[in-house]
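Basis for what follows: all heavy atoms, side chains included, without hydrogens, waters or symmetry-related copies.
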Amino acid sequence: HKQEESLFEEMEMISQAVNPDEHIFVLDATIGQQAQPQAEAFKERVKVGSVIITKLDGSAKGGGALSAVAATKAPITFIGLGEHINEFEPFNTSRFVKRIIGRGDVTTILERIKEHKLDDQKQLIDHIRVGKFTLRDMRDQFQNVLKLGPIGSVIQMIPGLSQLGKGNEQASQERIQRFLVIMDSMTDKELDGDIKIFDDIKRRMRVARGAGVHPNYIAELVAVYKPFSAAASKMKKLPIGKNGQIPNNPQQMNKLAGMLPQGVLKKLGGQQGFKNLMKKFEGSDPSTAMSSMQKMMGNMGKLKKQRR
């Protein structure tokens, strides 16, 4: 808008007529290096009192926002992480900087888990204790992931995974939503029973018709489910606490790290990086956070693995 002289004239007229308490500069995070000259152009016409950064749910990290702050000498007050009102949140300096440099934002994830009451995972924990993981469990966890916000922004909040889903956020979001539609077309027997039930081509065709998708997507869903089920089977050997606490002795933590896809584990910095991440979550809320975060990370890692 720097070249739009008429726009600036209109803005000045509105400012003079309304005499607002504060002028708020709303900046698109995706414009990158153009942030500074645009901010300077606005500052020349009106006194900018605060800045709002939008579109941080995509691949943009928002580094240009720092240039805008320097140019306007105004603080950032809010950031936008999506299109809905619940994705508009107060700006926090330390969390924002951690996202920019790829260190994640554990605190925000934990706040969202509590806000949406996703820390109550009793049924899933009971299932994992006996090595069980059903399609219904997977459906519930996919729904929980979507409640935390756009896939891209959630991945960027996890230390070590900020680059993992870059450029594929929308595809991942659509893929999860398609899986949810498919599982909503299943019967209780199919959601809670043995996955081998889908070896029956007629059953796959029926579910596909109900979901309005090609039968190949049913096979894809089954392929995504199987590693989750296998991981749950291995986890029954771990002494998981009644509220989902994961033991932190080295041997058991190594076993848990071994259940992650190798690509995800490498991004985290290997087993030591994984242990450090678990300590961050544990320190925030040892009674509830671990079970939710563990499952969410498993979902994210698997999504990336399937896209390769």
Query - Straight-line distance of T72 OG1 to K47 NZ, nearest 0.5 Å - result: 12.0 Å
Query raised in the report: Who pairs with Q16 by side chain to side chain donor-acceptor pair (under 3.5 Å), at least two apart in sequence or on another chain?
Result: none
Query raised in the report: Sequence neighbours excluded, which residues qualify as side-chain contact (heavy atoms from CB on, under 4.5 Å) partners of P75?
Result: none
Query raised in the report: In chain order, what residues pass the side chain to side chain donor-acceptor pair (under 3.5 Å) check against E12, with sequence neighbours excluded?
Result: R45
Report task. Can you run down the ring-ring contact (aromatic ring centres under 6.0 Å, His included) pairs that involve residues 187-211, sequence neighbours left out, and say none if there aren't any? Result -> none
**Report entry** Non-neighbouring partners of S185 that pass side chain to side chain donor-acceptor pair (under 3.5 Å), sequence neighbours left out
**Finding:** none
Query - Contact list for residues 11-39, test ring-ring contact (aromatic ring centres under 6.0 Å, His included), sequence neighbours left out - result: F25-F42
Query - Rounded distance (nearest 0.5 Å) linking atom NZ of K132 with atom OG of S233 - result: 13.0 Å
**Report entry** Spacing of F142 atom CZ and R178 atom CZ [to the nearest 0.5 Å]
**Finding:** 11.5 Å
Requested in this report: Evaluate the side-chain proximity of M138 to Q141: yes if any heavy-atom separation is below 4.5 Å, no if none is.
Outcome: no
Report summary line: side chain to side chain donor-acceptor pair (under 3.5 Å) filter on T77, not counting sequence neighbours, yields none
Requested in this report: Would you give the length of the straight line joining atom CD1 of I24 to atom CD1 of I76, rounded to the nearest 0.5 angstrom?
Outcome: 13.0 Å
Report task. Name all residues meeting the side-chain contact (heavy atoms from CB on, under 4.5 Å) criterion together with Q34; count only those two or more places apart in sequence or in a different chain, and write none if there are none. Result -> I31, P37
**Report entry** Close side-chain approach of I182 and V207, heavy atoms under 4.5 Å
**Finding:** yes
**Report entry** Within 6.0 angstrom of Y217 OH, more than 12 heavy atoms from elsewhere
**Finding:** no
**Report entry** Contacts of type side-chain contact (heavy atoms from CB on, under 4.5 Å), residue D188, not counting sequence neighbours
**Finding:** R136, D192
Requested in this report: Can you run down the salt bridge (Lys or Arg N to Asp or Glu O under 4.0 Å) pairs that involve residues 24-44, sequence neighbours left out, and say none if there aren't any?
Outcome: D28-K55
Query - Pairwise side-chain contact, R139 with D184, heavy-atom cut-off 4.5 Å (strictly under) - result: yes
Query raised in the report: Taking the inter-plane angle between the rings of F88 and F78 on a 0 to 90° scale, is it parallel (under 30°), tilted (30 to 60°) or perpendicular (over 60°)?
Result: parallel
**Report entry** salt bridge (Lys or Arg N to Asp or Glu O under 4.0 Å) pairs, two or more places apart, involving residues 201-210
**Finding:** E190-R203, E190-R206
Query raised in the report: What pairs with D21 under salt bridge (charged side-chain N to carboxylate O under 4.0 Å, His left out), at least two apart in sequence or on another chain?
Result: none
